[in-house]
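Have a look at the structure below before the remarks.
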Amino acid sequence: MRLLLVEDDDHVAAALTAILSRHGFAVTHARNGEEALKAVLPSGDAGRAPFGVVLLDLGLPDQDGYQVCGKLRKLTSTPVIMVTARSDVRSRIHGLNLGADDYVVKPYDTGELLARIHAVSRRTAGGGTDPEDTGSTPLPAGAAAPLRLGAVEVELPTRRVSVRGAVVQLTRKEFDLLALLAQRPGVVFRREQIISEVWRTSWEGTGRTLEVHVASLRAKLGTPALIETVRGVGYRLVAP
């Protein structure tokens, strides 16, 4: 797999490149946002495979990593993993809203990073070119009628969500998560079940990503009580 590493620290990049190379990755190193954006553009070399994953550091010298992520998402559907020392929930939510597929906080375990790389590449393998359509949870038969949950309305066929008539923009995984819970209000979904059905993986490290997506959904819908945390088990949608 070809991997684009966006990291301004040459020492960090060299060490990480050596580790990734030993695990079978062909690493291209970009030192800033401009180099990263140029790297994902078509090169005219028809024999060169596209990047499988982008590892994006947020502390870049020429532009903020969040800006680079937004621009990358407009250019390619390649999975983006943000790698940063910013560990607060708001930063992770912001990154995911911009189109990042995962978020790794420094310092991290190398094994964890490798597992996340493989996880996002599996989730997006075989999908289409539209990042909002790749790997979405299939809809059940007969799911044409909108699901009404108080002020929230979920239209499964069109993947449209509105609150009091105003459309709310959700990411692919945010919608998949809401749709899963909304189809069975009051039922407690185990964390493992949600991760399996929405992220299509059993890797335990995805749990942090699930928490961030739940927090983001609560904020966007403006009804924090709609999704209830069942401590030690998982989540359920509380029908008004």
Side-chain angles (χ1 to χ4, degrees), residues 69-70 73-74 76-80 89 92-103 119-203 206-230 233-240:
C69 180
R73 189 47 69 228
K74 293 178 181 179
T76 177
S77 59
T78 300
V80 175
V89 173
R92 296 201 297 269
I93 290 175
H94 185 46
L96 293 170
N97 285 341
L98 288 173
D101 294 82
D102 208 342
Y103 198 106
V120 298
S121 62
R122 284 198 305 269
R123 293 199 298 266
T124 55
T129 57
D130 185 348
E132 287 303 311
D133 290 334
T134 302
S136 297
T137 303
L139 298 177
L147 302 175
R148 292 182 174 84
L149 311 160
V152 179
E153 185 174 283
V154 182
E155 298 178 16
L156 298 178
T158 60
R159 301 179 65 84
R160 181 179 181 273
V161 176
S162 59
V163 178
R164 298 181 180 88
V167 176
V168 178
Q169 298 298 327
L170 301 182
T171 67
R172 181 187 70 233
K173 291 305 180 188
E174 286 171 352
F175 180 87
D176 289 346
L177 172 58
L178 178 61
L180 177 66
L181 299 177
Q183 289 172 57
R184 300 179 68 187
V187 174
V188 178
F189 286 82
R190 291 178 293 103
R191 294 166 60 89
E192 297 84 357
Q193 180 183 0
I194 297 173
I195 291 171
S196 174
E197 295 195 29
V198 176
W199 278 268
R200 300 184 185 182
T201 179
S202 60
W203 180 54
T206 313
R208 179 178 294 180
T209 300
L210 170 58
E211 293 172 358
V212 173
H213 277 74
V214 170
S216 180
L217 260 181
R218 286 169 172 163
K220 287 185 176 182
L221 297 177
T223 52
L226 184 65
I227 301 176
E228 180 183 29
T229 301
V230 181
V233 183
Y235 299 92
R236 68 178 172 185
L237 193 142
V238 180

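The figures here come from the full heavy-atom set of this structure, side chains too, leaving out hydrogens, waters and symmetry mates. Index from 1, following the sequence.
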Open item on the list: Give me the atom names and distance for the closest heavy-atom approach of Phe175 to Arg160.
Closed with: CE1-N, 3.9 Å
Open item on the list: Using a 3.5 Å distance criterion without hydrogens, assess whether the side chain of Arg73 forms a donor-acceptor pair with backbone atoms of Gly99.
Closed with: yes
Open item on the list: Here's a test for you: under side chain to side chain contact (heavy atoms under 4.5 Å, CB included), which of Val187, Val188, Leu178, Leu147 qualifies with Leu237?
Closed with: Leu178
TODO: List the steps and the verdict of side chain to side chain contact (heavy atoms under 4.5 Å, CB included) for Leu210 and Val198.
DONE: CA-CA 9 Å; Leu210 170 58; Val198 176; over 6 Å; no
Open item on the list: Could you check whether any side-chain heavy atom of Leu149 comes within less than 4.5 Å of a side-chain heavy atom of Pro185, counting everything from C-beta outward?
Closed with: yes
Task: Any donor-acceptor pair under 3.5 Å from Arg159 side chain to Leu170 backbone - done: no
Task: Reported CZ-to-OG distance for the pair Arg148 and Ser162, which is rounded to 0.5 angstrom - done: 9.0 Å
Task: Minimum-distance pair of heavy atoms, taken over all atoms of Gly95 and Cys69 - done: O-SG, 4.5 Å
Task: Non-hydrogen side-chain atoms of Tyr235 and Glu211 separated by less than 4.5 Å - done: yes
Open item on the list: Measuring only between side-chain heavy atoms, which start at C-beta, is Leu180 closer than 4.5 Å to Phe189?
Closed with: yes
Task: Qualifying salt bridge (charged side-chain N to carboxylate O under 4.0 Å, His left out) pairs, either residue in residues 217-227, two or more places apart - done: Glu174-Lys220
Open item on the list: If you define the side chain from C-beta out and look only at heavy atoms, does anything of Thr171 sit under 4.5 Å from Leu96?
Closed with: no
Task: side chain to side chain contact (heavy atoms under 4.5 Å, CB included) evaluation trace for Gln183 with Leu156 - done: CA-CA 10 Å; Gln183 289 172 57; Leu156 298 178; 4.0 Å; yes
TODO: Answer yes or no: is there a donor N or O on one side and an acceptor on the other, between the side chain of Arg236 and the main chain of Arg190, under 3.5 Å?
DONE: no
Task: Stepwise side chain to side chain contact (heavy atoms under 4.5 Å, CB included) test for Asn97 and Ile93 - done: CA-CA 6 Å; Asn97 285 341; Ile93 290 175; 3.5 Å; yes
TODO: List the steps and the verdict of side chain to side chain contact (heavy atoms under 4.5 Å, CB included) for Glu228 and Leu181.
DONE: CA-CA 10 Å; Glu228 180 183 29; Leu181 299 177; over 6 Å; no
